[in-house]
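The next block holds one structure in the form of structure tokens; read it before the comments.
Computed from heavy atoms alone, side chains included, the values below leave out hydrogens, waters and symmetry copies.
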Amino acid sequence: MAGESDVSENALSCANCGKPANLQCPKCIELKLPREGSAFCSQDCFKSSWSSHKSVHVKAKLSSPGMGTPGEQDSSSPGESWLYCLKRGQSRTPKMPHFDWTGTLRPYPISVKRIVPANIDKPDWADDGIPKIEPNSDFQHTVEIKSPDLIAKMRETCRIAREVLDAAARIVRPGVTTDEIDKVVHDTTIAAGGYPSPLNYHFFPKSCCTSVNEVICHGIPDARKLEDGDIVNIDVTVYYKGVHGDLNETYFVGNVDEDSQKLVKCTYECLEKAIAIVKPGVRFREIGEVINRHATMSGFSVVKSYCGHGIGELFHCAPNIPHYGRNKAVGIMKAGQTFTIEPMINAG
């Protein structure tokens, strides 16, 4: 809540509506930020502007000592330009962070943020890492019925995303780093006139997600070289002509053991079976039932922490698409809706 202050003595204006203000954001006070831009005329104005105003706090933290802005480290020497990622993308460190690892995989340092040319149309998080339109959109609660023109743009963008993913897949082999995969995704997306949607989305530092072995999803491309026997999921999203196209696949690196092959094969079959039931009149919850049935019968389990989602002019929106059985997804499919189905299946 905004706190009482001596703001009125300086005749400051509300950061939201411009009216005379006598309240101030308590977080701005804590961070000792200038009162200009942190004053509000009422609690309602403060609350309505919170989603955009909080970016001021993030920028202040990033600019404080020891908190370099993502992608702006000194790249004069290789040792300093590759750093480990901390604080969900908002910080870097030369030391490997501590974590209770579940397997043998470890994070490696990441390279500096890749550049996007000024002529590329960008989503609203490209510069400061914070989506503004998406969190407050009505389409977080209502499933959008898209116009034929918007559907046509979605098809074009998804076709580009498919080409980007195929380009990344072509370099998958032992000895290649996931950072090299990210560079291919970035460069191919830019060459097509698109923006790599994950880049700086909630401070995500790279242009795609590369999830190796036990990493379920959202893995950050880094300096680790892929090893013979690894499996790697590459998740690509392209922003083009104002809409997003999102897809991913899991690839074998060299000679992969039989159990891993069965896991990837089952996951792909789950996706195909789910897509096969998609049509107007089907309940969204049925997708999870189909996936769960096939995964369970194959001796695997379904990840419940992450779901499919609506997509279009927004990267993530309604509907929510759980992949597990007995879920409580609300709604029935209608013509003109677009959403992702991305089953994540576990061995064991």
Side-chain angles (χ1 to χ4, degrees), residues 16-17 43-55 121-126 129-159 161 194-195 197-198 200-202 204 217-218 235-248 271 274-292 302-344:
N16 187 47
C17 69
Q43 294 290 346
D44 289 338
C45 259
F46 176 64
K47 290 176 181 177
S48 66
S49 67
W50 175 248
S51 61
S52 58
H53 174 70
K54 64 184 179 182
S55 65
D121 186 28
K122 303 174 180 66
D124 64 10
W125 57 80
I130 300 175
K132 288 80 173 176
I133 298 172
E134 184 174 287
N136 301 311
S137 171
D138 291 339
F139 293 130
Q140 293 300 339
H141 314 287
T142 304
V143 184
E144 180 183 16
I145 306 296
K146 294 178 174 63
S147 67
D149 178 62
L150 203 53
I151 291 291
K153 289 181 179 179
M154 288 290 296
R155 291 186 185 280
E156 187 176 4
T157 302
C158 288
R159 191 175 297 113
Y195 179 93
S197 305
N200 215 24
Y201 180 72
H202 292 289
F204 189 83
C217 62
H218 304 156
D235 192 349
V236 165
T237 308
V238 170
Y239 180 69
Y240 181 74
K241 292 188 176 180
V243 297
H244 301 271
D246 181 2
L247 73 161
N248 72 84
L271 175 63
I275 291 174
I277 71 164
V278 172
K279 63 181 179 180
V282 174
R283 296 179 183 276
F284 292 122
R285 68 178 67 167
E286 289 301 318
I287 291 174
E289 297 294 343
V290 168
I291 291 171
N292 193 80
V302 181
V303 172
K304 295 184 177 182
S305 300
Y306 301 97
C307 300
H309 53 88
I311 191 167
E313 292 176 299
L314 302 178
F315 193 173
H316 299 92
C317 55
N320 193 42
I321 307 292
H323 305 120
Y324 52 90
R326 298 184 181 180
N327 66 79
K328 298 180 180 179
V330 176
I332 296 174
M333 300 176 201
K334 297 179 182 178
Q337 295 173 336
T338 57
F339 51 87
T340 72
I341 303 172
E342 36 195 316
M344 285 155 269

* To do: Give a yes or no answer on whether the side chain of K132 reaches the backbone of I130 with a donor-acceptor pair at less than 3.5 Å.
  => yes
* **Side-chain donor/acceptor of D246 to backbone N/O of T340, under 3.5 Å** => no
* Note, H218 side chain near Y306 side chain (heavy atom, < 4.5 Å) -> yes
* To do: Please assess D121 against Y195 for the test side-chain contact (heavy atoms from CB on, under 4.5 Å), listing each intermediate value before the final yes or no.
  => CA-CA 7 Å; D121 186 28; Y195 179 93; over 6 Å; no
* Nearest atoms (heavy-atom pairs only) where A161 meets L247 -> CB-CD2, 3.2 Å
* Under the 3.5 angstrom rule, does the side chain of K153 hit a backbone N or O of V243 as a donor-acceptor pair? -> no
* Show your working on side-chain contact (heavy atoms from CB on, under 4.5 Å) between I145 and Q337 and close with a plain yes or no. => CA-CA 5 Å; I145 306 296; Q337 295 173 336; 3.6 Å; yes
* A329 and N327: which non-hydrogen atoms are nearest, and at how many Å? -> N-OD1, 3.0 Å
* Close aromatic pair by centroid cut-off 6.0 Å: W125 and H316 -> no
* **Exceeds 12 heavy-atom contacts within 6.0 angstrom, atom CD1 of I133** => no
* Asked: After noting the C-alpha distance and the side-chain angles of I311 and M154, does the key distance pass the side-chain contact (heavy atoms from CB on, under 4.5 Å) rule?
  -> CA-CA 9 Å; I311 191 167; M154 288 290 296; 4.0 Å; yes
* Between K304 and Y324, is NZ or CZ placed under 6.0 angstrom from the six-membered ring centre and within 45° of the ring axis? -> yes
* Asked: Going by atom types only, do H309 and E342 share a side-chain donor-acceptor pair under 3.5 Å?
  -> yes
* Please identify each residue that fulfils side-chain contact (heavy atoms from CB on, under 4.5 Å) with S147, with sequence neighbours left out. => D149, L150
* Where does the angle between the aromatic ring planes of F339 and F284 fall among parallel (under 30°), tilted (30 to 60°) and perpendicular (over 60°)? -> perpendicular
* Structure fact -> G336 and I151 have their tightest heavy-atom pair at O-CD1, 3.9 Å
* Could you tell me whether the side chain of T237 and the main chain of P198 form a donor-acceptor pair under 3.5 Å? => no
* To do: Drop me the distance from R326's CZ to E289's CD, to the nearest 0.5 angstrom.
  => 8.0 Å
* Asked: Aromatic ring centroids of F315 and H202 under 6.0 Å?
  -> no
* Please report the closest heavy-atom contact between I287 and A274, naming both atoms and the distance. => CG2-CB, 4.0 Å
* **Closest approach of C307 to I321 (non-hydrogen atoms, all atoms of both residues)** => CB-O, 3.3 Å
* Structure fact -> Interatomic distance, CD@E286 vs CD1@I291, rounded to 0.5 Å, equals 11.5 Å
* Are E144 and C317 side-chain neighbours, meaning at least one heavy-atom pair lies under 4.5 Å? -> no
* Asked: Between D235 and N248, which heavy-atom pair has the shortest distance, and what is it?
  -> CA-CB, 3.5 Å
* Hey, mind stepping through D124 and E134 against side-chain contact (heavy atoms from CB on, under 4.5 Å) and telling me if it holds? -> CA-CA 9 Å; D124 64 10; E134 184 174 287; over 6 Å; no
* For D138, all residues meeting side-chain contact (heavy atoms from CB on, under 4.5 Å), sequence neighbours excluded -> none
